[in-house]
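Report on one structure; see the data block that follows.
The first residue of the sequence shown is numbered 1, and numbering continues consecutively from there.
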Amino acid sequence: MVLQVMNGVKAMRMKSLSLLVAVLAGGVFGTEYHWYAKPASSGNASGSDFANACTLATAIDKIPAKNDNADTYVIHMGAGSYDRNGCHFGGTRSGTVVFRSDDGYGNYDTTNVLWHGGVAKGRPIVVQNNANATTFYVSLEGITFTNCAPSQYAGGFVHNQLPKTSSKGCTIRNCRFIDGTCQANSGGAVKLYGANVYDCWFENCTAPKGSGGAIAPDGGAASIVSNCWFVNCSSLKGGAVFMDVAGSVLVDCVISNNYTFKTSSGTEGNGGGGVVAKGRVERCRFIGNTGVAYGGGLYLSEGSLIDSEILGNQTSGAHGGGLFVDFNSQVLNSTIRGNMVTNSLHSGGGIAARNKVLISNCVVCANSAYEGAGLYVYDTKAEEGKMAPAGEFTEHRVTVRDTKIFENVARVPADAETAAATYTKNDSYYGHGGGIWFQHYLTVDGCNIYSNTAYSFNRRYAHAGTGIGTETPNPSFKILNSEIYANLSFRSNYWQYAIGGQGGETYGGGIHVGTGAAPSDAYEPVVSNCYIHGNRAQFGNEIYCGAGHLSVRDCILGNPAETRALGASGNSALFLENATSCLVRNTLFADNSQGTHVHLFRSFPPNADGTMKGCGTFENCTFVGASTVGFSYEGGVQKSSGLARGLACVNCLFENTWNTTGFDAVPVTNVLFTACSTKATVDLNVYPGSTKNIHTTNYHFNDAAHGDYTMRGSSPCVDKGIVLDWMVGAKALNGEDRIIGLPDIGCYEFRPNGSVLIIR
């Protein structure tokens, strides 16, 4: 350990001080020496104090060229401007060299001393890694470094080439680095090899052909950068900071208005504010940075972002306007707000994430991109829009937990008038995924996703998934324990006025699954224990599912005050189009203002071997709301006699079953009801194979007027259901055991001796 004695030392230097400092394990002791320098001093002065100050060059020359002792050499720099480059420390020196700004009273500040790079604008400090280098420690304290531009070497001002271990390295504290350039390498201000940097300011530093406009690494030793401010720095990657050594830490820093650029061949450009790999970013703020590739604010790989803010950043060339996060990383307790992707070909206005990433307890809001305005999730397992293998694939899954995602806008560019004027003849500009847009492997658990928007400026193509959405075949996802509400997908009126035609269709205000996947033992796409309400889209206000498979379990869909249809037809809480195996269980469809709870559209005909291939199965669901019907059909396929049983309902409770037109058009062989109940006049038992269905005029709900659709013991639906395999050990939507005697019809279960209602 090195101890430095700094206060009250004014005696002649080059003689032993009374205090010896232990610098090496094993009992080797050294002496501390002090010299004082001023810009206008004489080189012949002794440097014993400021009254006898020498020049900086003389003070440096007083340090022995060879020193095998663990001595400390402190050079006190008086106020003024110094021109000096090429201070190399290495060879066989040992001990400590300290450069300290001094006001004459033992204090220092960064406005007191300016150290320029000399007439050649070379690097002031090089801690050199020669073959015999034994320099233990170099410390820079309270100095403003300015105007350096070495033409060849790394580190515009400081290049530390020794590792920071228990006895070697470099510390920089309370310094300022302004207008530094590393012309042909990395580190516009400082090139690190384990150097630790505290309480510093970096401004207008650049590495136009390398990484780290302010700071870059040089080797395999970890560094700490703490309580620093980086402004208007630039490089090819990591506009201000590039740290890729395992164990490095960036903490309590502000990274503001930095940027990256590309080479003439179009490469690099990641991390407008910074790039951190295999390290930790904690309590930092990335503000107003600009990238031309991945991560306008920060590019994070195999690292952690904790208690930080990513604010107002943007990228023009790839994914992640605020944050790009990759490979075994985690984002914890952080805010990602007001970021943007300005290129219509890329996604993830707030965050773009892939390959085993955890996002937990964060706020993602007011970001924008044409796709995945809040969060864009993709992976390297398969290309977007193409099928990936079925399975969990945890190495590619992104998990979002206990996070709020709101007020993000899926559109490009942000200005509606500019978009309409620019893209009136381009059909590819449309908004997807106001909150989250994903490819294959996603888990959302315990999140609030609300007030996001998606819209477009084209005539033909849909804009969809305002809360959460995907159009990739075979997705493996779980949306659990979350509330998804007040998201809006709509057509642009400006486009309609400009073209004179109707805008694109809108799908899935809450959740959009463009093409599902066949169920398998490996995984099952599922929405479970969610409250999805007040979302708006033309088709599927709460959920839209295209061809494939989706399970919806233990959910509540719909809300009378907030859910409003966008058009005169085709609106529903759940819209199933070509959905071949949708399973909905223990779910409440309540009080929707649209025309139907579930809309079945263009259901597939049966398989060639005659096996069932239809819209799916509903088990123990409750469909209530005076202005709505349970199901409606649409599309020519349903009207053909070749359709297999497209719909099976078991233990379901209906106030109204069908809309009249749809009921008349559908052959009775296409549907099957078992142990269901309805208040409508239709007798469900007339359908071939249907049985145990009941008709009632009063369900005896506890308080339907206030949304409580649990039943009193007098309800005719109590104990009228049939037992299904999944019910053993399962719960009803109100938390009661699913089997109490016999199961009840509907999503709730009545307990004869009374129970505490669990509100979801």
Under a plain distance cut-off of 3.5 Å, with no hydrogens placed, do [Y] and [X] share a side-chain donor-acceptor pair?
{"X": "D402", "Y": "N361", "result": "no"}
{"X": "S139", "Y": "E141", "result": "yes"}
{"X": "H116", "Y": "S81", "result": "yes"}
{"X": "Y137", "Y": "T171", "result": "yes"}
{"X": "N232", "Y": "N257", "result": "no"}
{"X": "D252", "Y": "N227", "result": "no"}
{"X": "D103", "Y": "N112", "result": "no"}
{"X": "T72", "Y": "E32", "result": "no"}
{"X": "D179", "Y": "N147", "result": "no"}

Heavy-atom side-chain contact between [X] and [Y] under 4.5 Å:
{"X": "C253", "Y": "F230", "value": "yes"}
{"X": "V225", "Y": "Y198", "value": "no"}
{"X": "M77", "Y": "Y82", "value": "yes"}
{"X": "V364", "Y": "K404", "value": "no"}
{"X": "L358", "Y": "L332", "value": "yes"}
{"X": "V357", "Y": "Q330", "value": "no"}
{"X": "F145", "Y": "I172", "value": "no"}
{"X": "P208", "Y": "S235", "value": "no"}

Apply side-chain contact (heavy atoms from CB on, under 4.5 Å) to residues D244 and V276 and explain how you reach the verdict.
CA-CA 6 Å; D244 65 350; V276 176; over 6 Å; no
Could you check, using the six-membered ring where one of them is a Trp, whether W115 and F157 have ring centers closer than 6.0 angstrom?
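Ring-ring flag for W115/F157: false, centres at least 6.0 Å apart.
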Is it true that H319 and Y378 have ring centroids separated by less than 6.0 Å?
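Centroid separation for H319 and Y378: below 6.0 Å.
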Candidate pair S186 and S211, rule side-chain hydrogen bond (donor to acceptor under 3.5 Å, both in side chains), full reasoning:
CA-CA 5 Å; S186 298; S211 58; 3.2 Å; yes
Is it true that a side-chain atom of S41 and a backbone atom of A53 form a donor plus acceptor pair closer than 3.5 Å?
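Indeed, once roles are kept as given, a pair shorter than 3.5 Å links the two residues.
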Please evaluate residues I255 and N289 with respect to the criterion side-chain contact (heavy atoms from CB on, under 4.5 Å), reporting the C-alpha separation (whole Å), side-chain torsions for both, the decisive distance (0.1 Å), and the verdict.
CA-CA 8 Å; I255 299 93; N289 302 286; 3.9 Å; yes
To the nearest 0.5 Å, how far apart are CZ in R280 and OG in S248?
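Here the interatomic distance stands at 10.5 Å.
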Among V281, N339, L323, V254, find the one that has a side chain to side chain contact (heavy atoms under 4.5 Å, CB included) with F286.
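Result for side chain to side chain contact (heavy atoms under 4.5 Å, CB included) with F286: V281.
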Check the pair Y370 / H346 against side-chain contact (heavy atoms from CB on, under 4.5 Å), numbers first and verdict last.
CA-CA 7 Å; Y370 100 103; H346 297 99; 5.9 Å; no
Stepwise side-chain hydrogen bond (donor to acceptor under 3.5 Å, both in side chains) check, T206 with S234
CA-CA 5 Å; T206 183; S234 59; 2.9 Å; yes
Partner set under salt bridge (Lys or Arg N to Asp or Glu O under 4.0 Å) for R337, not counting sequence neighbours:
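Not a single residue meets the salt bridge (Lys or Arg N to Asp or Glu O under 4.0 Å) criterion with R337.
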Could you walk me through whether F242 and N270 satisfy the side-chain contact (heavy atoms from CB on, under 4.5 Å) test, starting with their C-alpha distance in whole Å, then the side-chain angles of each, then the deciding distance to 0.1 Å, before giving a yes or no?
CA-CA 10 Å; F242 189 94; N270 296 337; over 6 Å; no
Where P39 and G78 come nearest, the two heavy atoms and their spacing
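Closest approach of P39 to G78, heavy atoms only: CD-O, 4.4 Å.
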Is the CH2 atom of W201 crowded by more than 12 outside heavy atoms at less than 6.0 Å?
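Atom CH2 in W201 is crowded, with more than 12 foreign heavy atoms closer than 6.0 Å.
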Under 3.5 Å, sequence neighbours excluded: what are the donor-acceptor pairs made by side chains of residues 290-301?
none

Evaluate the ring planes of Y33 and Y73, with Trp represented by its six-membered ring, and classify them as parallel (under 30°), tilted (30 to 60°) or perpendicular (over 60°).
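It falls in the parallel class, under 30°.
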Mind checking what makes side-chain contact (heavy atoms from CB on, under 4.5 Å) contact with V251, not counting sequence neighbours?
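Result, side-chain contact (heavy atoms from CB on, under 4.5 Å) vs V251: S226, V249, E282, R283.
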